[in-house]
K.L.:
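What follows is a single structure, and I will ask about it in a moment.
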Amino acid sequence: MSVQLTVGQAWTVLAAAIVLEVAGTTCMRLSEGFARLVPSVLIFVFYAASFVLNTLIIRTLGLSVVYAVWSGVGTVLTAAIGFLYFKE
């Protein structure tokens, strides 16, 4: 199956991939070292979904742009969640 996204669609899907990656990282904290089942499973579900979306996006926006935005925005959002929600 070959899916070709428009540039606008690719940016929207990239935003979704970032949200999924941040959700997966947040679940790492919530899993308490894999002691809690649901957050532990969700880590892998969210990361897998994020990587699938990234694979689709890279065809349109390119690897360097996708990875830079995905990792940069994901880091900022994860740090904000750690600071605001987990009081770290």
Side-chain angles (χ1 to χ4, degrees):
M1 181 172 110
S2 179
V3 176
Q4 185 63 42
L5 301 173
T6 66
V7 173
Q9 290 171 327
W11 283 105
T12 302
V13 174
L14 179 56
I18 291 167
V19 169
L20 289 167
E21 186 266 334
V22 170
T25 304
T26 302
C27 284
M28 280 187 200
R29 173 70 160 78
L30 296 173
S31 74
E32 297 175 7
F34 294 112
R36 297 178 59 211
L37 179 62
V38 172
S40 297
V41 170
L42 288 176
I43 292 168
F44 298 100
V45 170
F46 289 139
Y47 271 117
S50 181
F51 282 116
V52 167
L53 294 181
N54 276 338
T55 302
L56 298 175
I57 301 161
I58 286 171
R59 301 168 115 191
T60 303
L61 298 179
L63 176 63
S64 59
V65 172
V66 171
Y67 191 73
V69 173
W70 180 73
S71 60
V73 174
T75 300
V76 169
L77 291 175
T78 301
I81 289 169
F83 181 76
L84 297 171
Y85 183 77
F86 293 113
K87 308 294 186 219
E88 298 175 335

K.L.:
Gly24 and Ile43: which non-hydrogen atoms are nearest, and at how many Å?
P.N.:
O-CG1, 3.8 Å
K.L.:
Is the shortest side-chain heavy-atom distance between Ile18 and Leu77 below 4.5 Å?
P.N.:
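Answer yes - side chains close enough.
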K.L.:
Contact between Phe46 and Thr25 at the side-chain level, heavy atoms closer than 4.5 Å - yes or no?
P.N.:
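No, every pair of side-chain atoms sits at 4.5 Å or beyond.
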K.L.:
Relative to the ring of Phe34, is the ring of Phe44 parallel (under 30°), tilted (30 to 60°) or perpendicular (over 60°)?
P.N.:
parallel
K.L.:
Might you point out which heavy atoms bring Glu88 and Phe83 nearest each other, and give the distance in Å?
P.N.:
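That closest heavy-atom pairing would be O-CD1, 3.7 Å.
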K.L.:
Looking at Leu53, Val65, Val66, Leu14, which one forms a side-chain contact (heavy atoms from CB on, under 4.5 Å) with Ile58?
P.N.:
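The side-chain contact (heavy atoms from CB on, under 4.5 Å) with Ile58 is passed solely by Val66 among Leu53, Val65, Val66, Leu14.
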K.L.:
Group every Ile, Leu, Val, Met, Phe, Trp and Tyr by side-chain heavy-atom contacts under 4.5 Å, then state whether Leu42 and Phe86 land in the same group.
P.N.:
yes
K.L.:
Flag the pair Glu21 / Trp70 as yes when at least one side-chain heavy-atom distance between them is below 4.5 Å, and no otherwise.
P.N.:
yes
K.L.:
Hey, what do you get for CZ (Arg59) to CG (Asn54), rounding to the nearest 0.5 Å?
P.N.:
13.5 Å
K.L.:
Is there a path of hydrophobic side-chain contacts, each under 4.5 Å between heavy atoms of I, L, V, M, F, W or Y residues, that connects Val73 with Val7?
P.N.:
yes
K.L.:
I'd like to know if Phe51 and Val13 are part of one continuous hydrophobic network [Ile/Leu/Val/Met/Phe/Trp/Tyr, side-chain heavy atoms within less than 4.5 Å].
P.N.:
yes
K.L.:
Are Tyr67 and Trp11 linked, directly or through intermediate hydrophobic residues, by side-chain heavy-atom contacts shorter than 4.5 Å (ILVMFWY only)?
P.N.:
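Yes, it is one cluster - the side chains of Trp11 and Tyr67 are joined through contacts under 4.5 Å.
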K.L.:
Looking only at atom types and distance, does a side-chain atom of Ser31 sit under 3.5 Å from a main-chain N or O of Met28, one as donor and one as acceptor?
P.N.:
yes
K.L.:
Under a 3.5 Å distance rule, please check whether Thr60 uses its side chain to pair with a backbone N or O of Leu5 as donor and acceptor.
P.N.:
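Judged by distance alone, yes, a pair lies under 3.5 Å.
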K.L.:
Find the distance between CD (Gln4) and CG (Leu56) and round it off to the nearest 0.5 Å.
P.N.:
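These two atoms lie 9.5 Å from each other.
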K.L.:
What are the two closest heavy atoms between Ser50 and Ala17, and how far apart are they?
P.N.:
OG-O, 2.9 Å
K.L.:
What I want to check is whether the side chains of Tyr85 and Thr26 have a donor and an acceptor closer together than 3.5 Å.
P.N.:
no
K.L.:
Please name the pair of heavy atoms, one in Ser40 and one in Ala35, separated by the smallest distance, quoted to 0.1 Å.
P.N.:
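In this case the closest contact between Ser40 and Ala35 is OG-N, 4.3 Å.
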K.L.:
Decide whether Val45 and Val19 are clustered together by the hydrophobic rule: side chain heavy atoms of Ile, Leu, Val, Met, Phe, Trp, Tyr closer than 4.5 Å, transitively.
P.N.:
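No; Val19 is not reachable from Val45 via cluster members.
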